Amino acid sequence: MIAVLKQNVTERQIEQLTQWIKNQNVDVHLSKGKDYTILGLIGDTGRIDRELLESLEIVESVKLVSEPFKQVNRKLHPEDTIITVGSAKIGGGHFALIAGPCSVETEEQIIEVARQVKASGADILRGGAFKPRTSPYAFQGLKGEGIRLLLEAKKVTGLPIVTEIMNIRSLDLFEDVDIIQVGARNMQNFDLLQELGKTKKPILLKRGLANTLQELLMSAEYIMSEGNENVILCERGIRTFETMSRNTLDLTAVPILHELSHLPVVVDPSHATGRVGLVPPMAQAAAAAGADGIMVEVHNNPACALCDGAQSLTPAQFDEVARKVRRVREAIL
């Protein structure tokens with residue numbers, strides 16, 4: 001349920017109404033824009049007398065939110081959420097280029113790639129420290145040492161960093177990480193999501209490889225319900241019957257998520273396609289579809305990469321992708 005308040009409402013009136021609602025064991029989410037003030041009622045709203053609420057002098061209208069996701073819902077928060085990380089902004093017309101290797105391998109490797117992608121216009125450095133792998137014998141990442149090396153690359157380049165968390169027990173290691181990524185395999189790890197919701201760090205939430213968009217939004221709701229509103233949604237491809245690419249990139253997710261939610265949406269064409277030749281056109285297509293950013297894998301020597309070399313761009317290829325994506329953005333704005 002949402003209550004749209006009249007434009008001349010005072011802070012004191014908002015405070016009194018909010019307290020009245022909370023006294024009925026219903027949480028309140030306040031959303032204020034230039035021309036609107038909305039109170040989102042979260043919880044068992046059956047306790048609230050809708051007719052009484054609608055009759056109050058300061059209330060313009062009362063609407064029911066039928067979708068199970070509430071705080072994520074654009075009805076509750078009509079304006080786009082903008083996530084700020086360092087000097088980078090994501091959402092609300094701001095576009096971010098996120099680039100870096102699938103796995104952090106050495107200090108020389110991550111710093112070299114960080115310098116090169118920054119020179120090409122990257123806003124945020126990605127790199128895997130903890131790597132979920134299908135095979136227990138595959139490279140699992142450098143873990144804590146990988147995060148330390150990412151932070152060294154940040155010192156050298158100034159780029160904010162994003163890296164994936166796999167377990168609640170590792171959370172202390174992410175204290176200086178700018179954006180915590182929740183991978184596709186953990187999209188419905190609800191204990192992890194709730195714990196991340198207690199932090200104030202931006203969370204990049206990837207869609208599970210077999211999950212619906214509503215399930216993605218409900219996972220974001222888990223994070224936001226604990227108080228963390230800094231959530232970025234990520235479309236990274238879903239598993240279908242097609243075998244010509246690693247996954248099937250669902251670009252319809254971008255406009256649908258923007259219609260349903262105020263949260264920014266980025267696209268990962270690297271994991272979606274699994275083939276380096278498909279990454280550039282899909283990155284451009286994501287920009288054309290209205291994505292708030294793209295996240296691509298870049299390695300200085302993909303043939304020798306310890307993880308996902310087949311889908312990793314070289315720095316020169318990323319430079320070309322970045323230029324073309326910027327042209328697409330200019331064309332559609």
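Small disclaimer: the values here were computed from a predicted structure and weren't measured.
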Can you see which heavy atom on L171 is nearest to which on T199, and at what distance?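 Shortest heavy-atom separation between L171 and T199 comes out as CD2-CG2, 4.4 Å.
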Is any side-chain N of the basic residue among K131 and D308 closer than 4.0 Å to the acidic one's carboxylate O?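 Between D308 and K131 there is no salt bridge, as every charged N stays at least 4.0 Å from the carboxylate O atoms.
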Indicate the ring-plane relationship of F130 and F174, choosing parallel, tilted or perpendicular according to the 30° and 60° boundaries.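 Aromatic pair F130/F174 classed parallel.
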Take atom CZ in R329; do more than 12 heavy atoms of anything else shown fall under 6.0 Å from it?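 Correct, the count exceeds 12.
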Spell out, as yes or no, whether a donor-acceptor pair under 3.5 Å connects the side chain of D268 to the backbone of C234.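 Flag not set: sc D268 to bb C234 has no pair under 3.5 Å.
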Which pair of heavy atoms, one from P132 and one from E164, lies closest together, and at what distance?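 Scanning both residues completely, I find the closest heavy atoms to be CG-OE2, 3.5 Å.
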Donor-acceptor contact below 3.5 Å, side chain K201 vs main chain N230: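 It does not hold such a pair.
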Would a 4.5 Å heavy-atom cut-off, applied to side chains only, mark S31 and P78 as touching?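 Yes, at least one pair of side-chain atoms sits under 4.5 Å.
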Using a strict threshold of under 4.0 Å (side-chain N to carboxylate O), is an ion pair present between E145 and R148?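 The answer is yes: the pair qualifies as a salt bridge.
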Would the distance check show the side chain of Q284 and the main-chain N or O of P280 forming a donor-acceptor pair, the cut-off being under 3.5 Å?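 Yes: the side chain of Q284 pairs with the backbone of P280.
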Grab the two heavy atoms, one from M187 and one from S219, that are nearest each other, plus how far apart they are.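 Closest heavy-atom pair between M187 and S219: O-OG, 2.8 Å.
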Less than 4.5 Å apart, side chain to side chain, heavy atoms only: is that true for Q311 and R246?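 SC-SC contact between Q311 and R246 confirmed.
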Once rounded to the nearest 0.5 Å, what's the spacing between atom CG of L306 and atom CD of Q109?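 Nearest 0.5 Å value for the CG-CD distance: 8.0 Å.
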As an exercise, state the distance from CD of E51 to CG of L53, rounded to the nearest 0.5 Å.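 Result: 11.0 Å between the selected atoms.
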Q181 pairs by side-chain contact (heavy atoms from CB on, under 4.5 Å) with which of T163, L205, L204, I98?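 When side-chain contact (heavy atoms from CB on, under 4.5 Å) is applied between Q181 and each of T163, L205, L204, I98, only L204 qualifies.
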Could you tell me if the side chain of L251 sits less than 4.5 Å from the side chain of E235, heavy atoms only?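 Not touching, per the 4.5 Å side-chain cut-off.
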Main chain of V72, side chain of E221: is a donor-acceptor contact present, judged purely on distance under 3.5 Å?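 Present.
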Decide side-chain contact (heavy atoms from CB on, under 4.5 Å) for K198 and E195; before the verdict, give the C-alpha distance in whole Å, the side-chain angles of both, and the deciding distance to 0.1 Å. CA-CA 5 Å; K198 297 173 185 176; E195 200 65 28; 3.8 Å; yes
Please say whether more than 12 non-hydrogen atoms of neighbouring residues, nucleotides or ligands are located less than 6.0 Å from CZ in R239.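 Open.
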Report the distance from atom CG of L39 to atom CG of L30, rounding to the nearest 0.5 Å.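 Answer rounded to 0.5 Å: 6.0 Å.
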Would I168 and D191 satisfy side-chain contact (heavy atoms from CB on, under 4.5 Å), going step by step from the backbone distance to the final call? CA-CA 8 Å; I168 295 173; D191 287 343; 4.0 Å; yes
Given H29, which of K70, E229, H77 fulfils the side chain to side chain donor-acceptor pair (under 3.5 Å) condition?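 Testing H29 for a side chain to side chain donor-acceptor pair (under 3.5 Å) against K70, E229, H77 leaves exactly one candidate, E229.
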Between the main-chain N or O of F69 and the side-chain N or O of E67, is there a donor-acceptor pair closer than 3.5 Å?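 Not a single qualifying donor-acceptor pair exists.
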Quick check: does any side chain N or O of E152 sit under 3.5 Å from a backbone N or O of K154, one acting as donor and the other as acceptor?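 Such a contact is absent between E152 side chain and K154 backbone.
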CD/E175: more than 12 non-hydrogen atoms of other groups inside 6.0 Å: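 No.
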Show the numbers, then the answer: is there a side chain to side chain donor-acceptor pair (under 3.5 Å) between N211 and Q188? CA-CA 9 Å; N211 287 105; Q188 291 186 308; 3.3 Å; yes
Cluster check V104, I147: I/L/V/M/F/W/Y, side chain < 4.5 angstrom: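 They do share one cluster, since a chain of ILVMFWY contacts under 4.5 Å joins V104 to I147.
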What are the two closest heavy atoms between E105 and C307, and how far apart are they?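 Shortest heavy-atom contact: OE2-N, 4.5 Å.
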Atom OG1 in T18, atom CD in E11: separation rounded to 0.5 Å?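 Atom-to-atom, T18:OG1 and E11:CD are 9.5 Å apart.
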If you measure only the distance, is there a donor-acceptor pair under 3.5 Å linking the side chains of T84 and K89?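 There is such a pair (donor and acceptor under 3.5 Å, judged by atom type) between the side chains of T84 and K89.
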Between D292 (side chain only) and V265 (backbone N and O only), is there a donor and an acceptor less than 3.5 Å apart?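 Judged by distance alone, yes, a pair lies under 3.5 Å.
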Any idea which heavy atoms bring G208 and I238 closest together, and the distance?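 Taking every non-hydrogen atom into account, O-CG2, 4.0 Å.
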T157 side-chain N/O to A153 backbone N/O, donor-acceptor pair under 3.5 Å: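 Yes; judged by distance alone, with no hydrogens or angles, the pair exists.
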Is a donor on one side and an acceptor on the other found under 3.5 Å between the side chain of S103 and the backbone of G128?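 The answer is no, because no donor-acceptor pair under 3.5 Å joins these two groups.
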Do the non-hydrogen side-chain atoms of Q19 and Q16 ever get within less than 4.5 Å of each other?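 They are not in side-chain contact.
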As an exercise, state the distance from CE of M224 to CD1 of I203, rounded to the nearest 0.5 Å.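 The distance works out to 12.0 Å.
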H271 backbone acceptor or donor facing N247 side chain under 3.5 Å: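 Present.
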Hey, mind stepping through E330 and R326 against salt bridge (Lys or Arg N to Asp or Glu O under 4.0 Å) and telling me if it holds? CA-CA 6 Å; E330 291 168 1; R326 283 192 287 267; over 6 Å; no
Can you tell me if K6 has over 12 outside heavy atoms packed within less than 6.0 Å of its NZ?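 Atom NZ in K6 is packed in, count exceeds 12.
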For a quick test of reading the model, state the closest non-hydrogen atom pair linking L97 to G121 and the distance between them.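 Closest approach of L97 to G121: CD1-O, 3.7 Å.
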